[in-house]
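The chains referred to below are lettered A, B, ... by the order of the sequence lines, with proteins before strands, and numbering in each begins at 1.
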Amino acid sequence: QSALTQPASVSGSPGQSITISCTGTSSDIGSYNLVSWYQHHPGKVPKLMIYEVSKRPSGVSNRFSGSKSGNTASLTISGLQAEDESDYYCCSYADGVTLIFGGGTKLTVL
Amino acid sequence: QVQLVQSGAEVTKPGASVRVSCRASGYAFTNYYLHWVRQAPGQGLEWMGWINPKSGNRNFGKKFQGRVIMTRDTSINTAYMELNTLRSDDTAVYYCARDLTDIMTTSAGAGYWGQGTLITVSS
């Protein structure tokens with residue numbers, strides 16, 4: 001059971017949009033609409049940003065959006081802000097009983 | 001408000017076992033899955049498993065099967081994660097986290113997190 005594949009890093013300038021991809025298999029992302037995304041600032045507790053592929057928990061900015069196509073999920077952040085600089089992790093339900101995280105992506109706001 | 005309060009940091013030796021507790025408050029404990037997630041130094045988040053507090057049923061990540069035990073005590077709204085045969089690479093911050101939606105419609109998204117418990121494995 002390998003981790004989902006994410007780019008190690010992405011970057012963007014304030015105001016721009018960026019997309020982080022998360023590639024899995026037909027046993028995880030491809031089979032379930034249970035993909036979530038987390039923002040994790042070092043030293044702090046992870047924060048759920050997206051669940052069930054594209055839903056936002058209460059309080060999460062609508063600048064964050066999620067989508068899925070086949071075995072790949074994506075997180076898009078529009079109107080990039082300095083405070084968005086963080087590590088981002090995708091996570092998917094898998095094999096009918098477990099969850100699996102991606103390796104994480106470091107977002108740098110230039 | 002939903003709160004998850006974990007036990008404190010521990011230093012332990014290779015080969016030993018450690019148990020982390022997670023006391024829940026502010027919601028109906030038996031109605032939401034609880035996840036356990038860890039992050040080793042310089043590494044990413046790693047899902048260890050989850051427990052259905054109502055039934056006690058649990059599932060684990062393949063890496064942890066045979067080495068992790070997850071239990072709960074519904075009388076005190078507390079979940080426990082025990083990891084056995086510890087190695088140095090088990091040094092990590094361990095989190096409990098509550099699913100965002102209830103057991104009947106699980107989102108598999110962890111919407112509420114404990115503060116984390118640092119477990120250090122060192123001889």
note = Checked B/Val93, B/Asn59, B/Thr106 vs chain A; the most non-hydrogen pairs under 4.5 Å come from B/Asn59
query = Considering only heavy atoms from C-beta outward, does the side chain of B/Cys22 approach that of B/Val5 to under 4.5 Å?
reply = no
inquiry  = Between A/Lys55 and chain B, with a heavy-atom cut-off of 4.5 Å, which part of the residue counts as in contact: side chain, backbone, both or neither?
reply    = neither
query = Regarding B/Asn84 and B/Ser17, is there a side-chain donor-to-acceptor distance under 3.5 Å anywhere?
reply = yes
message = For the residue pair B/Asp99 / B/Ser107, report whether a side-chain donor-acceptor contact shorter than 3.5 Å exists.
response = yes
inquiry  = Counting heavy-atom pairs under 4.5 Å with chain B, which one of A/Tyr93, A/Phe101, A/Trp37, A/Tyr51 comes out on top?
reply    = A/Phe101
remark   = Bottom line for B/Leu45: the part with an atom under 4.5 Å from chain A's heavy atoms is both
request  = Measure distances from A/Tyr32 to the heavy atoms of chain B and classify the residue's part below 4.5 Å as side chain, backbone, both or neither.
outcome  = neither
message = Strictly by side chain to side chain donor-acceptor pair (under 3.5 Å), give each pair with a member in residues 41-51 of chain B just once, sequence neighbours left out.
response = B/His35-B/Trp47, B/Arg38-B/Glu46, B/Glu46-B/Lys63
message = Just so I understand: if I count every heavy-atom pair under 4.5 Å between each of A/Pro57, A/Ser92, A/Pro46, A/Pro42 and chain B, which residue has the most?
response = A/Pro46
message = Run B/Tyr112 and B/Tyr27 through ring-ring contact (aromatic ring centres under 6.0 Å, His included) and show every step you take.
response = CA-CA 11 Å; B/Tyr112 300 90; B/Tyr27 71 97; 7.6 Å; no
